[in-house]
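One structure is given below, encoded as structure tokens.
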Amino acid sequence: MKLIFEKSRAGRRAARLPQPANLAPAPELPAGLRRADPPRLPELPENEIVRHFTELTTRNFGIDTGFYPLGSCTMKYNPRVNERVAALPGFRDLHPHQDEDASQGALELMHDLQEMLAEITALDAVSLQPAAGSQGELTGLMLMRAFFADRGEADWRRKVVVADTAHGTNPASVTMAGYELVKVETDPRGNIDLDDLRTKVDEETAGLMLTNPSTLGLFDEHIEEIARMFHEVGGLLYYDGANLNAVCGISRPGDMGFDIVHINLHKTFSQPHGGGGPGGGPIAVRRQLEPYLPVPAVARDGKRFRLDYDRPKSIGKVRAFTGPFGVFVRSYAFILAWGRELKTMSEDAVLNANYLLARLKGAYELPFDRLCMHEFVLSARGLKREHGITALDVAKRLMDYGFHPPTIYFPLIVPEALMIEPTETETKETLDAFADAMLAIAREAAEQPERLKEAPHGRPVQRLDEVKAARRAVVRYRFEEHPDLAAEPAAPAATEAPKGV
Amino acid sequence: MKLIFEKSRAGRRAARLPQPANLAPAPELPAGLRRADPPRLPELPENEIVRHFTELTTRNFGIDTGFYPLGSCTMKYNPRVNERVAALPGFRDLHPHQDEDASQGALELMHDLQEMLAEITALDAVSLQPAAGSQGELTGLMLMRAFFADRGEADWRRKVVVADTAHGTNPASVTMAGYELVKVETDPRGNIDLDDLRTKVDEETAGLMLTNPSTLGLFDEHIEEIARMFHEVGGLLYYDGANLNAVCGISRPGDMGFDIVHINLHKTFSQPHGGGGPGGGPIAVRRQLEPYLPVPAVARDGKRFRLDYDRPKSIGKVRAFTGPFGVFVRSYAFILAWGRELKTMSEDAVLNANYLLARLKGAYELPFDRLCMHEFVLSARGLKREHGITALDVAKRLMDYGFHPPTIYFPLIVPEALMIEPTETETKETLDAFADAMLAIAREAAEQPERLKEAPHGRPVQRLDEVKAARRAVVRYRFEEHPDLAAEPAAPAATEAPKGV
Amino acid sequence: MTYVSLTDADREEMLETIGVTSVDELFQDVPRGVRFDRALDLGNPLAEQEIVERLEALAARNTPAGEEISFLGAGVYDHYIPAIVDAILQRGEFLTAYTPYQPELSQGVLQALFEYQTVICELTGMDVSNASGYDGTTVAADACYIAKHATGRTKVVLAESLNPQVRQVVRTYAPGFGLEVVDVLHRDGITDPDELRAAAEGAACVIFQQPNFFGCLEQAPDLAAAANDAGALAVAHVDPISLGVLEAPGAYGCAIAIGEGQGAGNPLSFGGPHYGFLAAREEFTRRMPGRIVGETTDVAGERGYVLTLQTREQHIRREKATSNITTNQTLLALGGLINLCWLGPQGLRELGETCMALAEHAKDRLGVPLVFPGRTTFKEFAIRVGRPAQDVMREARKQGIHPGYPLGRDYEGLDDALLVALTERRTLGDIDALAEVLSA
Amino acid sequence: MTYVSLTDADREEMLETIGVTSVDELFQDVPRGVRFDRALDLGNPLAEQEIVERLEALAARNTPAGEEISFLGAGVYDHYIPAIVDAILQRGEFLTAYTPYQPELSQGVLQALFEYQTVICELTGMDVSNASGYDGTTVAADACYIAKHATGRTKVVLAESLNPQVRQVVRTYAPGFGLEVVDVLHRDGITDPDELRAAAEGAACVIFQQPNFFGCLEQAPDLAAAANDAGALAVAHVDPISLGVLEAPGAYGCAIAIGEGQGAGNPLSFGGPHYGFLAAREEFTRRMPGRIVGETTDVAGERGYVLTLQTREQHIRREKATSNITTNQTLLALGGLINLCWLGPQGLRELGETCMALAEHAKDRLGVPLVFPGRTTFKEFAIRVGRPAQDVMREARKQGIHPGYPLGRDYEGLDDALLVALTERRTLGDIDALAEVLSA
Ligand SMILES: Cc1ncc(COP(=O)(O)O)c(C=O)c1O
Ligand SMILES: Cc1ncc(COP(=O)(O)O)c(C=O)c1O
């Protein structure tokens with residue numbers, strides 16, 4: 001399909017702008033500041049723009065298209081009513097610098113949402129500001145830093161412990177926060193290896209970052225013990241909330257002993273993922289950490305709500321204003337729909353995952369043979385050994401059956417990993433259809449492996465040359481000089497990177 | 001793809017309704033009136049409903065999908081801003097029985113639109129009430145009836161003259177209005193045959209129904225002469241406005257001599273056609289016919305607008321309230337966008353049509369070799385004679401090239417008709433791509449006719465058995481007893497019906 | 001200009017290909033005498049932003065349902081429409097397609113219409129439904145046309161308790177159809193079966209409404225029987241939202257069921273566009289007006305859908321067609337389909353029960369006399385306010401409440417009566433507020 | 001409940017397949033001690049209709065741009081967004097997809113992002129753009145991180161005339177990055193190149209804004225030159241809407257261009273979600289944070305798009321990654337792309353000219369002293385109102401006018417100053433109205 005720039009024709013246009021009558025034209029700008037060559041934006045009439053992007057959408061797969069069991073991403077149904085309320089002029093067209101007395105509804109909504117999240121996480125104070133989970137992580141680590149600095153312990157508390165199953169954002173956040181990373185191993189049951197952990201926790205430890213249930217979809221059976229270990233040395237526990245969908249109303253991070261939690265609103269609380277975002281990564285903390293939260297805080301005086309900038313110990317700001325408000329509106333609407341029955345959401349998510357696991361574990365290897373939480377990780381190692389079929393092949397073949405593949409090659413400790421998260425919003429029929437497809441593929445791996453190797457079939461493109469893409473790094477259209485990559489040789493296959501987290 | 005009923009599972013549901021606290025349940029209804037067996041509506045969760053209909057849309061072609069040159073239907077771009085303004089709560093949620101003082105904005109919009117249409121048609125009074133063009137026709141004929149009845153001429157004025165090129169709605173409307181149909185022929189240049197006409201116009205004539213430009217896309221060169229003929233015998237001229245897109249600001253029906261005009265708002269003034277509707281068919285008339293227009297009329301007193309029911313000679317009502325208001329909002333927005341430059345719209349529509357005609361007339365027969373207006377009619381007669389390729393084959397093959405076919409087998413006087421209307425909203429590139437495809441198909445007809453016979457390729461279904469459909473008349477899902485038509489023999493091919501008007 | 005797709009360079013090239021030197025030349029067939037020589041008096045072209053501003057200003061001068069507590073109904077109802085309806089209808093493949101003449105490119109709309117026809121048949125207990133009529137009034141005229149040809153009779157009987165606009169439209173169509181129209185007066189809000197039987201003698205059809213315009217439940221089975229006794233087709237005009245709790249016309253002997261679909265899936269939109277539904281017993285299939293989608297198979301045996309039974313229609317039958325309709329209300333009907341699928345059988349029943357319960361509560365709470373005491377009603381009922389209804393409306397609206405529809409507009413002796421509609425959008429608090437203004 | 005997809009019958013069957021007897025058993029690995037044993041205190045589940053009512057009530061307690069004449073800007077602007085933006089973004093295939101990890105199912109988003117990257121590069125005159133950052137503040141921190149690693153230096157210089165929130169965010173990130181932050185004060189509203197050069201010695205980068213926070217045009221080329229002289233990377237924070245009339249940072253020697261994309265295609269939405277853009281010269285490609293889409297071919301030689309240069313990213317590089325970002329602002333960036341395609345080069349230029357012309361007109365018309373007289377401005381300028389800005393705001397808002405942003409919030413000695421923003425949404429009449437309240 002053509003790029004929009006390849007459909008452009010000089011002089012075409014869609015936009016017509018108001019020409020205020022008797023408004024004097026703006027004075028010429030000084031030469032150095034005035035634009036010399038206009039940007040080569042495409043020139044199309046409106047109907048061609050609509051057709052272009054409409055056609056692009058037909059080349060994309062979303063939850064509205066079908067089952068999307070992308071592990072760790074909690075791809076649940078995005079209620080359309082959330083889009084409707086987020087588009088209410090009172091929210092959509094509200095300027096962030098609007099006066100407090102003219103934005104009471106927005107402030108109340110944020111305050112309510114903070115309280116809901118505090119209740120769900122069993123913590124005391126919430127900041128909605130972080131733009132996504134990773135920023136929540138970084139913010140949480142900044143809080144640790146500020147907390148220890150305040151107590152004069154910052155100089156020697158340099159280490160943050162992270163599990164080897166952790167999402168890549170955890171170690172990356174540790175580095176960006178200026179901490180040293182300490183890796184801890186996973187034991188044969190899929191819990192953190194306590195013996196290994198003991199050797200790594202001491203007074204130099206600032207804290208732990210943990211996802212629980214872990215990225216293996218397993219709840220750490222020693223969480224109380226682990227919490228004790230860190231608290232004994234004065235460290236803090238950070239909860240990566242990406243998997244909160246497993247435990248709402250069942251086990252609360254604060255009760256598990258965590259001091260700082262980020263919540264991925266776009267996972268547990270249903271945001272349309274929009275092809276990669278936006279998201280929201282609020283953080284909830286224990287009282288002792290509240291003074292360090294980002295400004296402004298959304299505060300309440302009786303019936304009135306206000307933005308409180310007077311937080312002398314605050315780490316400052318991690319993004320503009322109070323956070324991605326439109327995201328808050330959607331998650332707020334989602335939580336209102338469930339109300340006190342939110343526990344059913346997590347129960348069904350866990351039930352759906354265990355049902356799929358039960359149906360699949362015969363055909364694919366299960367590295368840790370336990371009941372799972374909201375997701376589970378299988379390994380295609382056996383298929384690879386016996387038939388040369390990789391997790392990638394299984395993923396591509398699933399497309400032929402009309403499903404989005406699960407996350408693959410993550411977590412890293414599981415070879416040929418297939419990380420499957422159905423969420424609570426799928427029906428049993430959908431789960432059965434997916435299970436049937438997975439089982440059929442396992443059979444095909446033995447009977448007609450080439451079908452899998454050449455999958456997917458009938459998509460706009462076949463498997464793409466990612467190595468060539470990285471080597472050539474053609475990351476923008478170059479107009480006249482645009483290279484014809486089809487004329488260039490293919491690159492050798494590479495080892496697979498995680499796809500899905 | 002499954003029907004939604006085939007995806008239903010007892011106990012599933014999407015809707016959750018408010019349960020007003022302490023509201024006493026409604027009393028039991030008497031047995032005879034109470035529903036015995038619930039309707040078998042499908043039971044699905046909301047996400048499955050969204051997926052079902054989303055998938056259905058992917059099996060449909062709209063203007064947003066691509067070029068849609070469906071002759072006589074004026075498939076132009078549907079501006080998205082029109083959807084936005086039609087959805088303003090002040091319009092969308094306005095009850096039609098709302099008091100006049102609380103609906104002044106809606107009444108003013110309708111009054112403005114009436115005046116715009118009067119200006120465009122060069123007539124004196126407008127009623128927006130008719131729901132579509134066909135109902136506009138019927139309403140117009142009812143006006144004739146009321147007009148002549150008022151003058152005591154109703155008994156002998158029983159005949160309405162209609163051209164043999166007329167759209168099927170014209171004769172159908174004549175019958176429904178209780179008139180006798182008189183057909184008049186087309187002359188070799190594509191105009192009405194004046195000699196034939198003379199023999200058919202007399203005191204028994206109530207009037208003429210004419211589309212100008214005609215369904216051949218040709219402007220009748222004798223329109224003045226024709227108007228004179230009917231007016232001399234005291235008859236009235238009705239203008240079928242389906243082709244108004246050709247002449248806005250260029251030639252106005254009232255100036256041509258027409259007394260009654262219907263406007264297809266959903267053609268000339270851009271409505272999303274919605275898979276078959278809705279539309280709008282306002283009628284404009286000369287002063288002398290105003291007293292008979294439907295009630296209520298939208299009237300103005302200075303700055304105030306009101307609904308006037310006090311029209312003793314009115315024919316009554318042809319549909320509820322004042323008409324399809326949401327349609328008015330969209331067409332009003334469309335006309336505002338063009339303003340006094342509306343003529344450019346028709347000029348470009350005619351230019352686009354003539355350009356396509358010029359590119360195609362070498363490869364397809366042109367029954368009337370003249371410049372066309374906003375559309376033109378070709379014939380595949382030659383291809384059929386020489387290669388057995390019909391207009392239907394050409395149409396189906398066009399799908400393989402990514403285009404919606406033109407209207408085919410209409411008008412009836414042209415064998416193997418291909419009726420092509422590009423509208424003004426297409427670019428030259430689109431027209432060229434379509435012309436190239438048509439020329440390629442003409443070549444293919446000679447070189448590989450079977451490719452055409454088996455077209456379309458790669459669509460959800462191949463050519464469908466319309467005869468079987470009509471014979472079996474399975475027009476609803478029958479649940480347990482639903483027949484399996486695939487098990488039944490195919491039916492013999494039929495002669496083709498018009499497809500597109 | 002906003003919707004122009006050609007550049008001057010394009011125009012030059014195109015004129016050259018055509019072989020003319022100016023756009024004007026393209027209009028050479030238009031006689032000079034009928035040429036228009038000035039610019040249309042339509043004002044300056046507006047930018048999109050200006051169009052939005054202009055229409056927002058107009059919209060702001062209306063009072064929509066959301067801005068007052070409204071008890072208006074009388075045929076068009078403020079039922080909640082789930083967000084998924086618009087989300088789907090706004091998809092371009094549905095929104096910007098036309099009638100599915102080319103089935104291979106239109107399976108989406110065709111299958112959806114087949115599903116719509118099925119849902120309408122299920123609600124009404126009928127065998128066949130068309131793909132929509134213009135609205136709840138025109139389908140009544142359609143029913144008369146069917147009945148005339150099916151029975152060869154030229155009289156139609158209308159219950160006075162049938163929506164006045166429906167009756168007006170039938171009257172407007174009748175002369176053209178060659179039909180005489182007879183009314184049967186209501187007795188304390190409902191129709192008397194014996195009077196109806198008498199009037200139905202020699203009639204092509206009888207049309208009554210259930211629940212009727214006053215909100216009262218007719219003895220529908222008896223009315224249908226009365227019509228059938230007289231050899232007239234029984235036609236019931238029904239509210240789709242009522243059919244989860246009220247019996248289906250097909251279950252009590254009606255030949256045809258019609259109605260206004262708006263309440264199921266269409267916004268109020270000041271009266272349109274909405275959809276009318278028309279369903280009938282199998283024997284009338286080939287007399288149905290408008291589009292009908294049928295199931296079939298393709299050359300490979302795959303199931304598919306097409307417009308069918310087209311020999312009924314104007315584009316083939318022309319002056320002998322069963323109707324002149326072509327553009328219909330498909331998009332609105334699809335909105336109805338989606339809304340009804342969202343409700344499901346359980347939701348539709350609960351919705352009907354909630355409306356009834358609210359109406360019963362309101363009858364007690366309002367503390368004003370009923371116009372038709374003792375009648376069973378569904379979601380609407382008529383009250384007497386003891387003075388000109390218009391005055392009460394004026395005062396109530398000052399308090400932000402629209403108390404209902406003034407029946408005096410259509411019925412003698414009801415100048416002090418208001419028709420009050422209760423949908424699930426109304427709360428007990430709203431009812432208290434109405435009670436307050438009425439007692440003032 | 002609204003979003004439940006399982007029936008009790010389903011649950012029974014599923015539990016049996018799993019081989020447990022209750023849902024509770026599935027949680028056996030959760031230690032008793034950390035189980036939650038009461039219901040969450042989150043109120044009754046609400047029906048869709050009730051959710052809409054609740055949120056409408058909250059929304060009604062805000063005053064959005066449409067309900068007053070607002071001159072608020074200060075980094076977030078009320079520019080007109082064409083209807084096509086939402087029409088496309090609301091299509092489920094874009095709206096409900098996630099990061100395009102599986103390119104064969106994601107060519108739509110991937111190609112659109114490739115087009116977005118191209119548009120950003122064209123606007124800024126750069127070689128490479130990522131697929132979006134969180135907003136206009138975090139991309140500044142990203143730029144510092146790039147600069148630190150590219151130069152090995154540990155100081156960053158910020159112009160005081162750079163948006164205060166951007167400066168705050170950089171300061172919040174700096175300790176973790178091991179960076180020291182230095183400000184360069186403004187002189188009468190703009191930055192002095194010589195002072196900047198001095199401060200830039202030994203710095204990793206210099207960040208300035210064009211037009212700056214006061215709306216004034218910096219001598220951007222001189223500032224960039226000053227940074228380059230000092231061996232620091234020149235980073236320009238720019239307004240996309242200005243780039244039809246203002247020179248592209250790439251054209252005057254900047255290494256990196258960043259900015260807040262909101263004004264191009266995103267609603268105000270009380271501050272988010274919006275998108276930050278980050279573009280750089282080719283040499284920094286492998287230091288870029290976040291997603292980047294690249295062109296490639298499939299096994300059949302067909303052109304296609306994939307996420308590329310992933311060895312920069314956290315899911316591969318982990319603690320050595322160029323950033324921890326994963327979920328980004330794709331949907332908002334696509335909104336920007338569509339909006340900018342709608343504007344086209346001509347529209348973007350006209351839009352910039354209109355904003356400037358309105359601002360110039362307002363400067364004359366308002367008849368109040370400018371804070372920085374004689375400075376060239378774009379669409380915003382600072383005025384002195386002669387008394388506490390807060391008082392003026394309070395009074396103006398009573399008249400339905402929001403006069404602008406009080407600069408005293410961020411800058412000493414500007415308690416009587418308001419930053420007034422003019423977009424194409426404002427009319428001459430609006431400006432007259434503001435003049436009126438200011439003269440009162
Ligand atoms: C386990 C885990 N942690 C952290 C993250 C980062 O969250 P976000 O993508 O919202 O930045 C994700 C999701 O990407 C995740 O799956
Ligand atoms: C020439 C002509 N006349 C009349 C009509 C009927 O108009 P409508 O479809 O709006 O009823 C049409 C379109 O279908 C038409 O093309």
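Reckoned from all heavy atoms, side chains included, excluding hydrogens, waters and symmetry mates. Keep in mind that what you see is a predicted model, and the values were worked out from it rather than measured.
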**Complete:** Most contact-rich option vs chain C, by heavy-atom pairs under 4.5 angstrom, among B/Thr407, B/Val475, B/Asp64, is B/Val475

**Message:** Between B/Asp465 and C/Thr296, is the side chain to side chain donor-acceptor pair (under 3.5 Å) condition met? List the steps.
**Reply:** CA-CA 6 Å; B/Asp465 186 340; C/Thr296 188; 4.7 Å; no

**Fill in**
Cut-off 4.5 Å, heavy atoms of chain C, and the answer for B/Pro456 is side chain

**Asked** Quick one: do the C/Thr137 and B/Lys317 side chains pair a donor with an acceptor below 3.5 Å?
**Response** no

**Request:** Could you tell me whether C/Asp41 and B/Arg340 make a salt bridge, using a distance below 4.0 angstrom between a side-chain N and a carboxylate O?
**Result:** no

**Message:** Ignoring hydrogens and geometry beyond distance, is a side-chain donor-acceptor pair present between C/Asn62 and B/Ser103 at under 3.5 Å?
**Reply:** no

**Asked** chain B heavy atoms under 4.5 Å from C/Arg303: which part of the residue, side chain, backbone, both or neither?
**Response** both

**Request:** Please identify each residue that fulfils ring pair (Phe, Tyr, Trp, His ring centres under 6.0 Å) with C/Phe94, with sequence neighbours left out.
**Result:** none

**Request:** Please determine, among C/Leu243, C/Thr311, C/Val119, the option with the most heavy-atom pairs under 4.5 Å with chain B.
**Result:** C/Leu243

**Item:** Donor + acceptor pair across side chains of B/Arg319, C/Thr138 (<3.5 Å)
**Value:** no

**Any donor-acceptor N/O pair, C/Thr96 side chain to B/Ile63 backbone, under 3.5 Å** = yes

**Prompt:** Do C/Val299 and B/Leu464 come within less than 4.5 Å of each other through their side chains, counting heavy atoms only?
**Reply:** no

**Item:** C/Glu302 versus B/Gln462, side-chain donor and acceptor atoms under 3.5 Å
**Value:** no

**Asked** Counting distance only, does the side-chain N/O of C/Gln107 pair as donor-acceptor with the main-chain N or O of B/Arg59 below 3.5 Å?
**Response** no

